[in-house]
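Let me begin by presenting the structure, written as structure tokens, before commenting on it.
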Amino acid sequence: MALKKPSVPFSGTAEQEAQLRQVIAELKDEPGSLMPIMQKAQDIYGYLPIEVQTIIAEETDTPLERIYGIATFYAQFALEPKGKYQISVCLGTACYVKGAAQILEKIENDLGIKSGQCTSDGKFSIDACRCIGACGLAPVMMINDEVYGRLTPDDIPGILAKYE
Amino acid sequence: MENINLKINGIDVTVPKGSTILEAARLANIEIPTLCFLKDINEIGACRVCVVELGNGRIVTSCVYPAEEGMEVFTNTPRVMESRKTTVELLLSNHNRTCLSCIRSGHCELQTLAKELGVEDEGLYDGLKTVSEPDFSAAHMVRDNSKCILCRRCVAVCDAYQSVSVIGANNRGFDTCIGSPFEMGLGDTACINCGQCIAVCPVGALYEKDATEEVFKAIADSEKHVVVQTAPAVRAALGEEFGLPIGTDVEGKMAASLRRLGFDAVFDTNFGADLTIMEEANELIERVQNGGVLPMITSCSPGWVRFCETYFPDMLDNLSSCKSPQTMQGAIIKSYYAEKKGIDSKDIVVVSVMPCTAKKFEIKRDHEDGTGYPDVDHVITTRELARMIRKGRINFTTLPNESFDNPLGESTGAGVIFGATGGVMEAALRTAVEKLTGETLDRPEFTEVRGMAGIKEASYNVGGMDVSVAVASGLANARKLLNMVKNGEKNYTFIEIMACPGGCINGGGQPQQPGYVRNTVDIPALRASALYKNDEAKTLRKSHENPEIQKLYSEYLGEPGSHKAHKLLHTEYVKRPVNKRFE
């Protein structure tokens, strides 16, 4: 068994931790407050690595496994940080039939990470998303707010190079 | 209580309002198969094996569906049986079906259901399979999720009985798997090694790390003098592996089978239990008389000890410094017995047969090597001993009753009741009261501390001094009790804590009983009654009356608590984190 650790080392600051502890202190006595605490923690850190979940576990006197179970059940929680450039590849129906899977595979191969992960330099993260409403341009992807359409795998290196 | 009337399979049934259909059927003596269901702690209706058909044609899960007035229920219609069969076929579609080599083959609940429901093609719904690696990281057990059916029985006991909660369901949908946070190995968690998860697993996903091969090898090695000792609780359950009724005491057959397996000496950990009482009663009296830390808490249960080290590190001074009976006995085997027999300690192999998986962890702790050699070399569970007996093709039920070897096979009734919750307390009281008052007890029984309640309390006047005691089994109960002690709500002189609910008789290394039996029979109570009967039948029922114990002290150890006794029979504890920090 291998501990699931993100490719990017944890770099939480003392300010973030103080903020998290304050949020927990405010909420922990309310029934059903674990989810809101986890949501706020994700707002503070951008994701919920083991270091953050351990603080929540110890401050709320909750087993870490219960928090991890929730974090991995709901799609809203991320265990990996987001990169400076967030790549979202649309796997909606139209994009999919136009070869989006090959686009995603090409990006994964070029960056050496899988969908849901972040490169170790913190630059790029990849996510698969559902329809972004640009089916006419299928297959499409977004990098932060920039939309790229009618993609072929050969376009990918050039696009990624713009962000190097 | 208000009753309601319903019809199950055309039979009129009257049951208390609030009963589920499953409970109602059981009251009417109608059986419904279950898989995920564990009474009180895992009532989640997840597996759908317990489905029944209602008069209106609906198929519902009987374990969670409330019985209603005038309801009509059918438990065995073709639709019901087809539904159950499909459920099992779907479970099998994502199951590692290496049944022939599976540790649970022959007494697997899934295998039994597949057979009962007439599954003809176990690969009927084969498709994508979840991928998993077995987890060997814990000292005592293996998790093989390729066999897991996600019933969550293990998760429920870890949470409800033990309040340890180091396993749970991770991810969702098809990716769901039972595991620990961040997919860390169980060995990296605060798991206390109790093995209750193994005891309730219906399939072969959870099993102890098997030491039987090493034991067979040691026996075959002519250079080695291989000594075996058996914990009190083993005799109360081993028979179940060979079809004997729950609660059958098989002490004599067990000794006979061990001799036939080729052990050079067959000893009884009951001796070690008597020895523990000598040391522990002495420690208690010293603490009481010299203003030591009270309440003193027993330290025989390694699951409890690790729990204390993890969750109540500020109470480690309350823990008795006594080793557990098995390692005390191991240390005496490698010192006193070795000297007596003229055998070099290094050539002695001590094997413990234990109802417990945490004992596998215990022998690897620091300070469990009083002679410079490990006190105990191998721990095998009751289940592993049964495996050895079967492998050795020994016909257990027809064996004669034999006795243990001397000198370390001699024991009193006080030693044997160690296996049930309250037993150590009662055994300690038998000795401590006589020592403190200098008088002989009329009756050795302290029945207030017996029984299967999770927390028991009693007060005694001993030689003019008030002694209040408490007994807890199951670590969720222990946690409750200790929190009351910590916040000053309760005040005791002496506390006994056992990790497993009901004590060692219900340990994680004991024979696995299927869910149906667990839900309908008080297994710990039946096994405990075997131990109390064993105690009653003995002439000597107090540890200090054991002649071999007396000889051990006069010839070798001196007094309880002596320097030599401390070196061989006492240990130390360490603080452990709840959540490990990873770099």
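As the structure is a computational prediction, the values presented were derived from the model and not from experiment. Every chain is numbered from 1, with letters handed out A, B, ... down the list of sequences.
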Q.
Tell me whether the rings of F182(B) and Y68(A) are parallel (<30°), tilted (30 to 60°) or perpendicular (>60°).
A. tilted
task: Would you kindly say whether R48(B) and T61(B) are connected by a side-chain donor-acceptor distance under 3.5 Å?
output: no
Most heavy-atom pairs under 4.5 Å with chain A, out of G187(B), S180(B), A190(B), belong to S180(B)
So, the part of D175(B) with a heavy atom under 4.5 Å from chain A: the answer is neither
If one checks every heavy atom of R143(B) against chain A at 4.5 Å, the contacting part turns out to be neither
Heavy-atom proximity to chain B below 4.5 Å, by part of [X]:
{"X": "I70(A)", "result": "neither"}
{"X": "P49(A)", "result": "backbone"}
{"X": "A57(A)", "result": "side chain"}

Requested in this report: Give the C-alpha distance, both sets of side-chain angles, the deciding distance and a yes or no for salt bridge (charged side-chain N to carboxylate O under 4.0 Å, His left out) between E51(A) and K5(A).
Outcome: CA-CA 10 Å; E51(A) 292 83 357; K5(A) 280 276 236 178; 3.0 Å; yes
Interatomic distance, CZ@F307(B) vs OG@S163(B), rounded to 0.5 Å, equals 4.0 Å
Using a 6.0 Å distance limit plus a 45 degree cone around the ring axis, check whether R104(B) lies over the aromatic ring of Y207(B).
no
Most heavy-atom pairs under 4.5 Å with chain B, out of Y74(A), F10(A), F73(A), belong to F73(A)
Within the structure provided, determine whether F77(A) and Q39(A) are in side-chain contact (heavy-atom separation under 4.5 Å).
yes
